[in-house]
Asks: 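Dumping the structure here so I can ask a few things about it.
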Amino acid sequence: MTAKERFYVTTPIYYPSDNLHIGHAYTTTVADSLARWHRFAGRDVYFVTGSDEHGQKIQRAAEAKGVTPKEYVDVIVASFKELWAKLNVEYDDFIRTTDERHHRAVQAVFQKIYAKGDIYKSAYEGWYCTPCETFWLENRLVEGNCPDCGRPVELVQEESYFFRLSKYADRLLQYIEEHPEFIQPETRRNEMVNFIKSGLEDLCVSRTTFNWGIPVPMAEGHVIYVWFDALTNYLTALGYPEPNEKLEKWWPADLHLVGKEIMRFHTIVWPIMLMALDLPLPKTVFGHGWLLFDSEKMSKSKGNVVDPMLLIEEFGVDPIRYFLLREISFGQDGNFSRRALIERTNADLANDLGNLLNRTLSMLNRYFAGVVPQPAAAPNAVDQDLIDYARSLGPKVDSLVKELKINEALASIWRLVGKANKYVDERAPWNLAKQENKDELGTVMYNLLETLRIVALLVKSFIPETGAKIWAQLGLEGIGEKSLADTAWGLLEPGTQTRKGDPIFPRIEVEKEEAPKEQPKQPKVEKAEPAQPEGVLIGIEDFMKCELVVAEVLEAAPVKGADRLLKLQVDVGAEKRQIVAGIAQHYKPEELVGRRIIVVKNLKPAKLRGELSQGMLLAATAPDGRLEVVSVSAAIPAGSRVK
Ligand code: ME8
């Protein structure tokens with residue numbers, strides 16, 4: 001038997017200087033969903049998160065409250081754990097950097113690198129950003145402030161220990177070149193390569209002007225730099241430094257999931273620490289984008305944070321998880337707003353999924369007293385289309401998750417939900433019932449129920465409560481033991497008694513007081529209109545030559561060197577296409593993702609600035625030159641014909 005594939009995934013260990021916000025919940029929801037999915041797909045999974053409790057920032061926050069740092073962090077760390085429980089996050093270990101086991105690991109790492117000669121003592125004089133816990137050379141400062149967060153820095157003059165980053169720069173560059181999967185996405189890799197090429201200075205790895213940290217083993221009065229301490233948590237979780245089975249089994253980590261602002265620590269400092277320890281490097285460090293609020297990064301210091309706990313209380317946990325995973329193109333920045341959250345919940349969860357379950361079980365109650373019928377009639381072409389897509393979906397979602405295309409994975413599941421809703425309309429069970437065509441009616445109802453069973457399995461890693469609720473209403477038990485293999489078609493047993501319940505997602509009324517989305521004033525742009533013979537009448541057959549369909553925007557990105565163009569990846573109904581459109585001055589890419597727009601599907605493909613465009617989207621021009629893309633609500637599935 002071949003050994004089970006394994007997957008060790010980590011989140012950053014967050015600072016308990018304050019409560020967590022929705023940005024932190026984002027990273028952890030993604031990590032939890034990945035962990036759950038890989039387990040579901042039969043892999044051995046280890047998922048670690050934690051809290052980064054040392055350093056000047058925490059010491060100061062505690063002093064300001066008049067408590068000891070430990071008293072201070074204990075309260076906040078308890079709230080971290082409470083949030084993860086509310087968010088249905090199931091981690092295998094939680095590393096607190098104040099744990100005794102972590103002290104041992106960090107001191108062992110320091111000692112080992114020191115013994116190798118890669119840590120040495122010298123004097124430090126430079127700048128320090130306490131909120132970021134980062135040292136800066138004068139020439140990297142921006143107008144005298146921290147180049148990362150823009151806040152003031154402090155002058156630090158101390159006797160310190162230094163880590164020879166510079167010695168490993170070439171080796172690291174070579175490693176990055178030979179392992180393109182190491183730093184993802186690609187844009188972040190390029191940034192990191194440029195950073196290394198611009199010259200690595202040795203890193204100061206100890207401090208003497210405060211004491212809230214792990215002592216340097218060979219020098220009294222020095223505490224180990226908080227990032228050197230924090231990064232080691234990924235080894236602490238495996239029982240380092242003692243050689244043991246856990247370390248053997250799980251190192252190197254498969255995925256360190258982090259926000260893009262801490263990529264430098266994870267793809268430069270951490271790999272060099274591992275090189276100095278003669279340990280292999282993690283397989284992938286993925287730096288995801290930021291959750292923005294009014295186009296600014298959400299952060300405590302800007303006072304624009306959203307409390308995930310309050311959102312969960314108001315909307316329930318799955319709408320929040322779903323929104324985070326689906327709305328934001330993984331790797332890119334994405335906007336958070338209440339309105340977008342409500343719209344997403346109403347469209348995808350209430351209208352598409354909730355309604356499919358509700359109407360299917362209502363019909364089943366009416367026609368078969370709630371009992372799953374035999375699919376007695378052979379499938380026709382419409383049935384077969386649904387069955388084929390449903391059958392292919394499990395492996396497809398698995399490859400998308402493996403490629404970390406999480407929002408696409410969810411989009412592909414919702415394509416099945418859309419297809420099933422369309423299938424109800426096309427196969428009109430009510431007509432089959434009128435005709436007393438029980439065999440065919442049985443087949444249609446079975447296909448819908450079996451689709452819902454597969455959907456419950458496919459969504460449960462992302463929105464666990466929803467998967468379980470659908471499962472229970474289908475009258476099934478033991479969803480927890482099911483695996484990817486159970487998404488094969490035809491496993492639903494005829495004769496099963498279903499248990500229709502309340503709608504799983506009641507529609508949320510949009511608050512009246514909420515202002516409509518602000519439309520930024522757009523500069524006027526000239527647009528080359530194709531020649532339009534005025535007043536010429538066309539027949540319906542001419543109009544029908546133009547195949548207009550609803551397309552869901554899966555991804556949107558600028559086109560290099562063309563400031564007017566955006567390239568969109570769209571779903572035109574079981575088919576993905578790229579469309580290049582001159583709308584970059586009117587829409588930010590993230591505003592388009594998830595929208596259902598109208599495209600001319602049978603337009604001859606063309607190349608614009610080297611990018612293939614397979615269709616054209618419809619947009620209207622306002623009197624001031626502003627363009628508005630034509631779109632429909634999420635009730636209309638991708639691929640629907642517009643006429
Ligand atoms: O950096 N959008 O901790 P931290 C998306 N202790 N993700 C966000 C976000 C936002 N607006 N804001 C925060 C630290 N995050 C260190 C880590 S690891 C060895 C040490 C998420 O509390 C994102 O994952 O400042 C980001 O990298 C992390 O929280 C920063 O958390």
Asks: For His38, what residues pass the ring-ring contact (aromatic ring centres under 6.0 Å, His included) criterion, not counting sequence neighbours?
Replies: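 With sequence neighbours excluded, His38 shows a ring-ring contact (aromatic ring centres under 6.0 Å, His included) to Phe7, given in chain and number order.
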Asks: Begin from the C-alpha positions of Trp227 and Phe163 and carry the test ring pair (Phe, Tyr, Trp, His ring centres under 6.0 Å) through to its verdict.
Replies: CA-CA 12 Å; Trp227 269 100; Phe163 177 34; over 10 Å; no
Asks: Would you be so kind as to tabulate the donor-acceptor pairs closer than 3.5 Å made by side chains of residues 264-284, with sequence neighbours excluded?
Replies:
from: Arg264; atom 1: NH2; to: Asp148; atom 2: OD2; distance (Å): 3.2
from: His266; atom 1: ND1; to: Ile262; atom 2: O; distance (Å): 3.0
from: His266; atom 1: NE2; to: Tyr234; atom 2: OH; distance (Å): 2.7
from: Thr267; atom 1: OG1; to: Met263; atom 2: O; distance (Å): 2.7
from: Trp270; atom 1: NE1; to: His256; atom 2: NE2; distance (Å): 3.1
from: Lys283; atom 1: NZ; to: Asp254; atom 2: OD2; distance (Å): 3.0
from: Thr284; atom 1: OG1; to: Glu181; atom 2: O; distance (Å): 3.0

Asks: Nearest 0.5 angstrom please: Asn145 CG to Trp127 CH2, how far?
Replies: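 So the gap between those two atoms works out to 10.0 Å.
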Asks: Just jot down the ring-ring contact (aromatic ring centres under 6.0 Å, His included) partners of Phe94, sequence neighbours excluded, or say none.
Replies: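 Partners of Phe94 by the ring-ring contact (aromatic ring centres under 6.0 Å, His included) criterion, ordered by chain and then number, come out as Tyr91.
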Asks: Check whether any side-chain N or O of Arg321 sits under 3.5 Å from a backbone N or O of Phe462 as a donor-acceptor pair, and report yes or no.
Replies: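 A pair under 3.5 Å: yes.
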Asks: Check whether the ring centres of Phe323 and Phe315 lie less than 6.0 Å apart, and answer yes or no.
Replies: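 No, too far apart.
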Asks: Quick check with a 6.0 Å cut-off and a 45 degree axis cone: is Arg39 positioned over the face of Phe47's six-membered ring?
Replies: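 Cation-pi check for Arg39 and Phe47: fails.
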Asks: Looking only at side chains, do Ser198 and Arg140 share a donor and an acceptor under 3.5 Å apart?
Replies: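 Yes.
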Asks: Nearest 0.5 Å, what's the CZ-OG distance between Phe162 and Ser122?
Replies: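 One finds 5.0 Å between CZ of Phe162 and OG of Ser122.
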Asks: Quick check against the 3.5 Å criterion: does Arg344 have a side-chain atom that pairs as donor or acceptor with the backbone of Glu327?
Replies: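 Not at all, since once roles are kept as given, no pair shorter than 3.5 Å links the two residues.
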Asks: Check this for me, if you would: do Glu154 and Arg207 make a salt bridge, where the nitrogen-to-carboxylate-oxygen distance has to be below 4.0 angstrom?
Replies: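 No.
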Asks: So Tyr46 and Lys246, side chain to side chain donor-acceptor pair (under 3.5 Å) or not? Walk me through it.
Replies: CA-CA 10 Å; Tyr46 196 51; Lys246 252 185 167 173; 3.1 Å; yes
Asks: Please round to the nearest 0.5 Å and tell me the distance separating atom OG1 of Thr27 and atom NE2 of His288.
Replies: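 One gets 3.0 Å once the value is rounded to the nearest 0.5 Å.
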Asks: Which pairs would a plain distance check flag for residues 173-180, meaning a side-chain donor or acceptor within less than 3.5 Å of a matching protein atom at least two apart in sequence or in another chain?
Replies:
from: Gln174; atom 1: NE2; to: Glu178; atom 2: OE2; distance (Å): 3.0
from: His179; atom 1: ND1; to: Tyr175; atom 2: O; distance (Å): 2.9

Asks: So Glu158 and Thr209, side chain to side chain donor-acceptor pair (under 3.5 Å) or not? Walk me through it.
Replies: CA-CA 8 Å; Glu158 300 176 17; Thr209 47; 2.8 Å; yes
Asks: For Asp170, is the CG atom crowded, meaning more than 12 foreign heavy atoms sit under 6.0 Å from it?
Replies: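 No, because the 6.0 Å sphere around CG of Asp170 holds 12 heavy atoms or fewer from other groups.
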Asks: Starting at CZ of Arg36, measure out to CG of Asn88 and round the result to the nearest 0.5 Å.
Replies: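 The CZ atom of Arg36 sits 6.0 Å away from the CG atom of Asn88.
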Asks: The test is ring pair (Phe, Tyr, Trp, His ring centres under 6.0 Å); show your working for Phe135 and Tyr225 and say whether it passes.
Replies: CA-CA 10 Å; Phe135 293 98; Tyr225 172 44; 4.9 Å; yes
Asks: Determine, step by step, whether Glu133 and Tyr128 satisfy the side chain to side chain donor-acceptor pair (under 3.5 Å) criterion, reporting the C-alpha distance in whole Å, the side-chain angles of both residues, the deciding distance to 0.1 Å, and the verdict.
Replies: CA-CA 7 Å; Glu133 300 280 17; Tyr128 196 75; 2.7 Å; yes
Asks: Report, one line per pair, each donor and acceptor closer than 3.5 Å where one atom sits in a side chain of residues 63-73; sequence neighbours left out.
Replies:
from: Glu63; atom 1: OE2; to: Gln59; atom 2: NE2; distance (Å): 3.3
from: Thr68; atom 1: OG1; to: Glu71; atom 2: N; distance (Å): 3.0
from: Thr68; atom 1: OG1; to: Glu71; atom 2: OE1; distance (Å): 3.4
from: Lys70; atom 1: NZ; to: Asp74; atom 2: OD1; distance (Å): 3.0
from: Lys70; atom 1: NZ; to: Asp74; atom 2: OD2; distance (Å): 3.3
from: Glu71; atom 1: OE1; to: Thr68; atom 2: N; distance (Å): 3.0
from: Tyr72; atom 1: OH; to: Ser17; atom 2: O; distance (Å): 2.6

Asks: For Tyr14 and Trp84, take the angle between the two ring planes, folded into 0 to 90°, and tell me which bin it lands in: parallel under 30, tilted 30 to 60, perpendicular over 60.
Replies: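 Because their plane-to-plane angle lies in the 30° to 60° range, the rings of Tyr14 and Trp84 count as tilted.
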Asks: Output all residues satisfying side chain to side chain contact (heavy atoms under 4.5 Å, CB included) with Lys560, sequence neighbours left out; order by chain, then residue number.
Replies: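 Side chain to side chain contact (heavy atoms under 4.5 Å, CB included) list for Lys560, sorted by chain: empty.
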Asks: Nearest 0.5 Å please: distance from the OG atom of Ser206 over to the CD1 atom of Ile214.
Replies: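 The OG atom of Ser206 sits 13.0 Å away from the CD1 atom of Ile214.
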Asks: At what distance, to the nearest 0.5 angstrom, does CD of Gln332 lie from CH2 of Trp290?
Replies: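 Separation between the atoms: 14.5 Å.
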Asks: Output yes when Asp52 and Lys57 qualify as a salt bridge under the 4.0 Å nitrogen-oxygen rule, no when they do not.
Replies: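 Salt bridge: no.
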